[in-house]
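I have placed the structure first, in the form of structure tokens, so that the comments after it can refer back to it.
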Amino acid sequence: MKDGSFPIEQFRTTKTPFYYYDTALLRRTLDTIKTEATRCGGGNYHVHYAVKANANRKILRIISAAGLGADCVSGGEIKACLDAGFSPDKIVYAGVGKSDWEINLGLDADIAYFNVESIPELEVIDQLAGEKEKVARVSFRINPDVGAHTHANITTGLAENKFGIAMADMKKVIDIAATLKHVEFVGLHFHIGSQILDMGDFVALCNRINELQDELERHQIRVKNINVGGGLGIDYQHPNEVPVPNFADYFQTYRKHLNLRPDQQLHFELGRAVVGQCGSLITRVLYIKQATYKQFAIVDAGMTDLIRPALYQAFHFIENLSSDEHKETYDVVGPICESSDVFVKAFDINRCHRGDFLALRSAGAYGEIMASRYNCRELPVGYITEDFE
Ligand SMILES: *Cc1c(COP(=O)(O)O)cnc(C)c1O
């Protein structure tokens with residue numbers, strides 16, 4: 001065994017490709033989140049795990065057991081969370097296009113609140129809650145028009161994005177909610193994007209929220225919960241050196257810059273930062289192919305198993321778990337019939353041979369959950385450490 005953190009002996013009898021989740025690291029990450037959130041917010045900081053990053057049942061169970069809430073973006077995710085033991089009063093539900101059955105599911109389960117993204121949606125929730133003689137708790141997702149220094153496909157808080165309600169309409173929707181019998185306004189929600197490493201982006205969000213709160217207070221409007229979404233990034237370049245994101249810095253940024261009113265609760269929706277570093281996609285080298293100017297390591301995993309490089313030009317550090325030999329330069333590519341089925345170009349890896357195990361690191365978030373069956377491929381299985389003990 002080369003790297004102590006991978007049970008490579010057990011890997012030999014496991015069909016590749018597959019996801020491997022290091023649960024010791026996941027638990028360490030969850031402990032850090034709880035410690036740092038409590039240090040900064042006492043009992044007023046609450047973290048909801050953004051389920052869309054990874055809804056593997058075993059992972060969800062570990063996260064719910066750690067006491068985090070859940071941030072869902074579909075009825076399917078709400079079901080997965082109820083199934084995995086999340087308490088409904090810690091489930092929140094966002095999304096620009098909630099179907100009636102999804103709203104009804106949330107109402108029946110009595111989730112904490114809906115993050116509402118438009119006036120027509122608010123009216124439908126009021127109507128459906130009325131049919132059940134219930135009152136739905138709603139929070140308004142406000143588009144803060146704050147840019148995040150991240151990939152264009154994953155910024156969400158700019159005026160041009162489809163998400164949320166414009167700031168100029170905030171007061172109006174709160175007033176409308178006050179006239180509706182079956183909704184109760186409980187908070188404001190924001191989410192500016194993903195893979196954010198510049199704390200200045202979160203500072204900009206805090207400043208914007210402070211302004212909005214001041215404006216509401218001039219109208220004697222009090223807000224129970226402020227939900228600042230997620231977006232904290234991970235270090236894809238250095239998965240071994242920085243396995244746990246800097247949560248201390250993250251929560252301190254909010255403590256320092258967000259003017260939280262007494263009794264107000266601050267909600268976070270972290271996805272990538274919770275699960276990203278604990279997961280690896282494990283694949284075998286099929287062939288080493290020498291081309292005119294380069295050499296390819298052709299592996300049995302493809303963009304159907306991990307689409308991030310093809311979709312966002314994302315980088316995943318790749319390690320050869322089977323070889324200690326000198327490094328050589330490879331393009332690591334999959335077997336899918338698409339030119340974008342490339343994991344990395346010109347990357348140095350310990351010399352590869354047919355049958356070697358490669359680990360594509362930092363693949364715990366937006367990996368397994370985005371897998372597809374394109375080319376009639378089987379979906380990759382997700383294993384956790386305990387599966388190999
Ligand atoms: C995707 C998403 C998150 C989580 O984002 P991460 O970058 O994974 O932390 C949080 N809230 C909402 C509304 C989202 O859509």
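Counting convention: from 1, in listed order, for ligands and their atoms alike. The figures that follow rest on heavy atoms only: side chains count, while hydrogens, waters and symmetry mates do not.
- The only option from D108, D100, D110 that meets the salt bridge (Lys or Arg N to Asp or Glu O under 4.0 Å) definition with K132 turns out to be D108.
- A ring-ring contact (aromatic ring centres under 6.0 Å, His included) check over residues 211-247, counting only residues at least two apart or in different chains, returns the pairs Y236-H316.
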Please set out all donor-acceptor pairs under 3.5 angstrom arising from side-chain atoms of residues 119-131, sequence neighbours excluded.
from : atom 1 : to   : atom 2 : distance (Å)
E121 : OE1    : K98  : NZ     : 3.4
E121 : OE1    : E117 : N      : 3.0
E121 : OE2    : K98  : NZ     : 2.6
D126 : OD1    : H182 : N      : 2.7
Q127 : NE2    : E131 : OE2    : 3.1

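- Judged by distance alone, with hydrogens and angles left aside, the side-chain atoms of Y250 form no donor-acceptor pair with the main-chain N or O of A37 at under 3.5 Å.
- Checked against the 6.0 Å centroid criterion, the rings of F347 and Y330 do not qualify as a close aromatic pair.
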Give me the pairs of N or O atoms, one from ligand 1 and one from the protein, that sit under 3.5 Å apart.
from     : atom 1 : to   : atom 2 : distance (Å)
ligand 1 : 7 (O)  : S194 : OG     : 2.3
ligand 1 : 7 (O)  : G231 : N      : 3.4
ligand 1 : 8 (O)  : R272 : N      : 2.8
ligand 1 : 8 (O)  : Y366 : OH     : 2.6
ligand 1 : 9 (O)  : G231 : N      : 2.9
ligand 1 : 9 (O)  : G271 : N      : 2.9
ligand 1 : 11 (N) : D71  : OD2    : 3.3
ligand 1 : 11 (N) : E269 : OE1    : 2.7
ligand 1 : 15 (O) : K52  : NZ     : 2.8

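- Under the side chain to side chain donor-acceptor pair (under 3.5 Å) criterion, the residue pairs touching residues 23-33 are T23-T385, T23-E386, R27-E386, with sequence neighbours excluded.
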